[in-house]
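A quick write-up on the structure given underneath.
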Amino acid sequence: MKKYISLALAMALGLSLAACGGSADSAPSAEPSQAAESAAAETAPAESDLAYVQDKGTLVVGITEFEPMDYQDADGSWIGFDADMAKAFAESLGVDVEFQIIDWDNKVLELDGKTIDVVWNGMTLTDEVKSAMECSNAYCNNAQVVIVPADKAADYETVDSVKGLTFAVEAGSAGKAEVEALGASYTEVADQATALLEVSSGTADAAAIDSLMAAAMVGEGTSYADLTYTVGLNSEEYGVGFRKGSDLAEKLNEFFHASYADGSMLKIAETYGVQAAIIEQ
């Protein structure tokens with residue numbers, strides 16, 4: 001009996017559709033076809049990071065404490081070569097700038113989660129970084145160098161001589177990668193400034209940090225007069241990272257080109273003593 005009732009209902013539905021000027025076969029599908037979905041995806045405009053930043057009115061810059069690139073003055077304001085360039089870039093976009101300290105090991109997560117808009121902190125352009133972010137052109141030369149107590153420097157002047165040391169390295173940094181390549185033991189710390197503190201206090205034998213930071217913070221007349229740098233482990237270049245596919249990367253490249261051409265980039269670099277490392281744009 002149930003079979004007959006179902007058949008009767010199906011016939012009634014067919015007649016009803018015909019009376020409305022259609023049939024069950026010609027009725028539009030409730031869901032779009034896969035072809036239609038693909039076509040819509042192809043024609044849909046990509047989200048603009050530039051428009052997103054300009055709409056909210058703020059460029060949030062992810063940083064760590066890293067003199068001479070990003071650090072605080074006596075009033076607590078962020079200064080440094082990267083900080084000043086970020087301020088100028090934000091001004092060119094017509095937005096305010098906000099600096100946010102991040103866990104360097106989580107920089108990609110911070111970007112993708114939109115808690116920051118850009119990583120601008122003396123970031124080495126490694127293959128891993130370039131695959132995970134939309135990166136700017138290289139703008140500054142750098143190297144990873146070994147930091148040791150000044151009174152022990154004569155014992156550690158070759159790469160082989162430092163392999164047996166215990167290092168302090170910033171988590172997720174190029175310095176960590178170089179120490180791993182050496183096969184040396186290491187302890188991860190929050191940032192390069194902490195790595196220097198570990199060596200100065202004697203809890204680590206050495207640190208691997210950026211040469212630009214070493215020039216600003218290590219040796220006579222600096223905060224760490226008892227430390228020095230000896231061995232260079234590599235050569236590298238800095239770049240700025242945005243979310244993958246972001247149109248802000250090309251916008252920054254244009255800004256770099258213009259600021260190098262008008263001399264403002266080199267003027268800022270001279271303020272922090274990094275002019276020799278700047279790459280022509």
Side-chain angles (χ1 to χ4, degrees), residues 49-50 53 59-71 78 80-90 92-93 97 99-112 114 116-145 170-178 191-192 208-216 232-261 264-266 268-269 272 274-281:
D49 235 11
L50 172 60
V53 166
L59 179 74
V60 183
V61 183
I63 59 171
T64 66
E65 183 85 26
F66 177 9
E67 188 177 349
M69 310 310 276
D70 293 301
Y71 63 104
W78 287 100
F81 177 72
D82 280 353
D84 286 8
M85 288 294 290
K87 293 172 192 174
F89 179 56
S92 76
L93 299 180
V97 68
F99 295 99
Q100 183 168 313
I101 295 177
I102 60 172
D103 180 338
W104 194 246
D105 212 20
N106 293 330
K107 53 188 176 291
V108 177
L109 293 175
E110 297 273 9
L111 270 180
D112 292 345
K114 290 192 171 182
I116 61 173
D117 301 310
V118 56
V119 177
W120 200 334
N121 191 73
M123 180 176 68
T124 303
L125 289 173
T126 63
D127 290 340
E128 182 181 5
V129 162
K130 289 186 283 188
S131 68
M133 303 182 198
E134 198 69 30
C135 294
S136 71
N137 294 336
Y139 66 91
C140 194
N141 289 307
N142 184 54
Q144 295 301 311
V145 296
E170 179 183 44
S173 68
K176 175 189 172 183
E178 292 301 320
D191 51 38
Q192 294 186 94
I209 69 168
D210 294 56
S211 61
L212 289 176
M213 183 179 195
L233 300 177
N234 71 345
S235 60
E236 59 193 32
E237 295 175 332
Y238 286 162
V240 178
F242 299 91
R243 284 177 276 276
K244 199 66 178 172
S246 174
D247 51 356
L248 280 169
E250 185 53 39
K251 197 73 176 174
L252 179 57
N253 288 338
E254 294 170 3
F255 172 79
F256 276 165
H257 180 77
S259 59
Y260 187 89
S264 57
M265 177 184 277
L266 288 175
I268 293 173
Y272 299 100
V274 299
Q275 64 273 18
I278 300 302
I279 297 171
E280 182 177 357
Q281 300 296 303

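As the structure is a computational prediction, the values presented were derived from the model and not from experiment.
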- Item | Approximate separation, where rounding is to 0.5 Å, of H257 NE2 and L252 CG | 13.5 Å

- Query: Just by modelled atom types, is the M265 backbone N or O under 3.5 Å from a matching donor or acceptor in the S259 side chain?
  - Reply: no

- Task: Can you label the angle between the Y71 ring and the Y272 ring as parallel, tilted or perpendicular, going by 30° and 60°?
- Result: perpendicular

- Item | Taking every non-hydrogen atom, the tightest pair across V129 and T124 | CG2-O, 3.7 Å

- Message: Side chains of K251 and F255, heavy atoms from C-beta outward: is any pair under 4.5 Å?
- Response: no

- Message: For M123 versus V240, what's the shortest heavy-atom pair and its separation?
- Response: CE-C, 3.9 Å

- Donor-acceptor pair, Q100 side chain versus G62 backbone, under 3.5 Å? no

- Task: For residues V97 and A90, report the shortest heavy-atom separation together with the two atoms involved.
- Result: CB-CB, 3.9 Å

- Query: Would you say E128 has more than 12 foreign heavy atoms packed within less than 6.0 Å of its CD?
  - Reply: no

- N/O donor-acceptor pair under 3.5 Å between D210 side chain and L212 backbone: no

- Look only at the side chain of D112 and the backbone of R243, and say whether a donor-acceptor pair between them is shorter than 3.5 Å. no

- Under 4.5 Å between any side-chain heavy atoms of W104 and Q192, yes or no? no

- Can any side-chain N or O of Q281 pair as donor or acceptor with the backbone N or O of A138 at less than 3.5 Å? yes

- Message: Donor-acceptor check, side chain of K244 to backbone of M133, threshold 3.5 angstrom: yes or no?
- Response: yes

- So CG of N121 and CE of M69: to nearest 0.5 Å the spacing works out to 8.0 Å

- Message: Regarding N253 and S136, do their side chains bring together a donor and an acceptor under 3.5 Å, going by distance alone?
- Response: no

- Note on the structure: Closest non-hydrogen atoms of L233 and A208, given as atom of the first, atom of the second and distance, are CD1-CB, 4.3 Å

- Query: Counting only N and O atoms by type, is there a donor-acceptor contact under 3.5 Å from the side chain of K130 to the main-chain atoms of D127?
  - Reply: no

- Minimal heavy-atom distance between A83 and F99, with the atoms involved, is O-CZ, 3.6 Å

- Note on the structure: dist L111:CG -> I102:CD1 (nearest 0.5 Å) comes out at 7.5 Å

- Query: Once you round to the nearest 0.5 Å, how far does CG of L266 lie from CD of Q275?
  - Reply: 8.0 Å

- According to the interplanar angle, ranging from 0 to 90°, do the rings of F256 and W120 count as parallel (below 30°), tilted (30 to 60°) or perpendicular (above 60°)? perpendicular

- Message: If I take atom CG from residue D82 and atom CZ from residue F89, how far apart are they, to the nearest 0.5 angstrom?
- Response: 13.0 Å

- Message: I need the L93 CG to L50 CG distance, nearest 0.5 Å.
- Response: 6.0 Å

- Item | Check against side chain to side chain donor-acceptor pair (under 3.5 Å), N234 and Q144 | CA-CA 6 Å; N234 71 345; Q144 295 301 311; 5.2 Å; no

- Query: Is there a donor-acceptor pair under 3.5 Å between the side chain of D49 and the backbone N or O of L248?
  - Reply: no

- Message: Tell me the closest heavy-atom pair linking E170 and K176, and the distance in Å.
- Response: O-CB, 3.7 Å

- Query: Is a side-chain donor-acceptor pair under 3.5 Å present for D191 with T64?
  - Reply: no

- Message: Is it true that, when you exclude K87 itself, more than 12 heavy atoms of the residues, nucleotides or ligands shown sit nearer than 6.0 Å to its NZ?
- Response: yes

- Message: For F66 and Y238, take the angle between the two ring planes, folded into 0 to 90°, and tell me which bin it lands in: parallel under 30, tilted 30 to 60, perpendicular over 60.
- Response: perpendicular

